[in-house]
Amino acid sequence: MDYSTNDSKSTSKKKVVAVVGGGLVGALNACYFAKRGFQVEVFESREDIRQAKIVKGRSINLALSHRGRQALKQVGMEDTIVSKGIPMHSRMIHSLNGTQSPIPYGKKGQVTLLLQRLHTPHSAETYSNTKLNFAHKLLNWSTETGAMTFLRADGAKEEIQADLIVGCDGAFSAIRKQFLRQSRFNFSQTYIPHGYLELTMPPINGEFAMKPNYLHIWPRNTFMMIALPNLDKTFTCTLFMPFDEFENVTTGDQVIEFFQKYFPDAIPLIGADALKRDYFCLPAQAMVSVKCSPYHLSDKCVLMGDAAHAVVPFYGQGMNAGFEDCLVFNEIMDQLNEDFSAVLPEYTRVRVPDDHAIADLAMYNYVEMRSHVNSKWFLFRKYVDNFLHIIMPRTIIPLYTMVTFTRTRYHEAVKRWHWQDKVRNYIVHSSLYKGL
Ligand code: FAD
Ligand code: EGU
């Protein structure tokens with residue numbers, strides 16, 4: 001099928017945009033292009049999730065922060081999504097002895113919300129110029145003709161043409177494969193030694209087992225667990241640990257022994273029997289960091305979201321960065337009158353440094369947390385940062401604040417952070433010399 005507009009007629013007819021991948025970023029992108037009046041075709045390899053059972057092993061909740069909210073707001077989706085979320089105003093640090101210490105995120109109104117992963121791609125369906133094609137798996141596409149080949153659920157293959165291909169097909173992007181064959185395309189992929197496992201903490205007497213409006217964190221150097229609340233009053237606990245260590249725990253009793261040593265307060269909350277069982281339901285999942293550039297191929301194709309930059313989850317920014325990609329692309333579409341041959345290179349120029357910066361920050365935080373972050377260190381560092389911010393609000397802004405609660409470009413946040421570090425070291429040293 002040839003969806004693309006014939007050049008001689010394209011003056012009146014809007015161009016066709018194929019969004020490959022109907023995940024979080026693909027769905028949002030479809031809304032952006034539909035709002036501009038393009039004819040949008042979304043191709044998603046999975047079946048329609050309204051019919052399918054819940055996909056196991058995938059995180060169902062994610063922290064949505066300022067960048068993501070701004071991107072949703074631009075297409076009028078912020079309020080509906082946010083109303084289905086749970087506000088999160090602080091972290092709760094769990095010490096080994098069971099003590100819980102809250103650390104607020106900062107100013108009032110700076111709330112991070114949790115977004116339920118499930119009900120997203122259909123938001124694009126409110127636009128009549130959008131069509132969702134489920135069970136369409138992209139096999140390959142031609143950089144010469146732009147033709148895409150999809151495998152349908154019935155085993156048949158389908159050829160499709162579009163004016164623009166937007167690759168939103170995640171960390172293992174099939175669209176990106178063609179980029180790898182191009183000269184001067186940079187690509188790197190790094191798996192970290194840690195894996196993650198998700199466990200559910202059920203409600204107690206119909207209520208949340210822990211305080212709901214917090215990001216619960218058990219920092220234990222090499223091991224870490226975090227828990228985020230769900231609307232059904234459960235918590236999803238995510239255990240992070242090196243794959244070697246996962247392999248050392250092979251029986252139910254060893255699971256309990258391990259939790260007794262590192263996360264004793266979580267055992268009664270998850271339930272010893274459930275823990276013994278659920279720990280082995282799914283193997284630990286890998287985490288990968290992917291960087292590449294450029295993000296575009298001539299005026300035909302552009303990558304966004306995890307397809308362009310998968311980041312490790314240690315800043316809670318992967319989806320937010322992907323949503324901001326859509327927003328930045330949209331801003332450039334305004335500036336350059338929807339001329340793809342100008343918009344695509346400009347998008348690469350503007351966005352690559354920022355996405356690479358958040359990928360680096362997330363990796364840096366992973367390294368920092370696994371090397372020496374226990375609960376005392378975590379509390380101490382956050383207190384120092386918040387304290388300096390309170391006494392010098394304009395000079396020192398904590399890095400997480402710039403990343404999570406502003407739209408300061410990621411690469412500028414990093415620059416500013418390096419500069420602030422020097423200022424902080426100076427203050428700390430001169431205080432010591434003065435004997436304070
Ligand atoms: P995906 O969500 O991977 O979607 C890609 C879609 O493309 C899928 O629907 C897939 O089926 C489809 N697809 C793949 N291949 C094909 C093909 N060949 N043809 C057609 N369709 C295809 N981010 C945050 O902002 N906050 C958080 O709190 C957070 N927590 C996280 C916790 C964990 C443990 C992990 C692993 C990640 C976390 N992230 C978080 C990151 C976030 O999950 C991702 O950044 C986000 O899902 C990326 O969205 P995407 O649409 O680009 O890719
Ligand atoms: C979801 C899944 C606490 C990690 C980074 C903070 C999230 C996260 C933090 C996940 C941490 C880590 C920040 C937010 C958030 C913190 C943040 C949501 C982390 C630096 C590993 N992170 N999330 N930083 O400051 O800026 O609270 O899987 F434990 S929200 Cl790792 Cl703000």
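Every number for a ligand or one of its atoms is a count from 1 in the order of the listing.
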Engineer: To which of Gly68, Cys168, Ala310 does the heavy atom nearest atom 5 (C) of ligand 1 belong?
Structural biologist: Cys168
Engineer: For atom 32 (C) of ligand 1, which of the options Gly22, Ala307, Pro313 provides the nearest non-hydrogen atom?
Structural biologist: Pro313
Engineer: Are any of the N or O atoms of Ser45 closer than 3.5 Å to those of ligand 1?
Structural biologist: yes
Engineer: May I ask you to check whether Gly305 has an N/O atom sitting below 3.5 Å from an N/O atom of ligand 1?
Structural biologist: no
Engineer: Can you tell me which residues line ligand 2 if we count any heavy atom under 4.0 angstrom from one of its atoms, in chain and number order?
Structural biologist: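 Lining ligand 2 at under 4.0 Å, by heavy atoms, one finds Ala63, Arg91, Tyr105, Leu215, Ile217, Met224, Ile226, Phe240, Pro313, Phe314, Tyr315, Gly316, Asn365, Met369, Phe378, Lys382, Tyr400, Thr404.
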Engineer: Can we say Lys291 and Asp360 salt-bridge, meaning some charged N sits less than 4.0 Å from an Asp/Glu carboxylate O?
Structural biologist: yes
Engineer: Say whether Glu44, considering both its backbone and side-chain N or O atoms, lies within less than 3.5 Å of an N or O atom on ligand 1.
Structural biologist: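 Glu44 vs ligand 1: N/O contact under 3.5 Å present.
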Engineer: Taking atom types as modelled, is there a side-chain donor on Tyr410 or Gln317 under 3.5 Å from an acceptor on the other?
Structural biologist: yes
Engineer: Taking the six-membered ring for Trp and the single ring otherwise, decide whether the centroids of Tyr383 and Phe387 are under 6.0 Å apart.
Structural biologist: no
Engineer: Is the charged tip of Arg67 near the ring of Tyr315: under 6.0 Å from the six-membered ring centre and within 45° of its axis?
Structural biologist: no
Engineer: Does an N or O from Met287, backbone or side chain, lie closer than 3.5 Å to an N or O of ligand 1?
Structural biologist: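 Such a contact does not occur with ligand 1.
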Engineer: Whether Glu324 and Arg351 form a salt bridge (side-chain N of Lys/Arg under 4.0 Å from carboxylate O of Asp/Glu) is what I want to check.
Structural biologist: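 Salt bridge between Arg351 and Glu324, a charged N being under 4.0 Å from a carboxylate O: yes.
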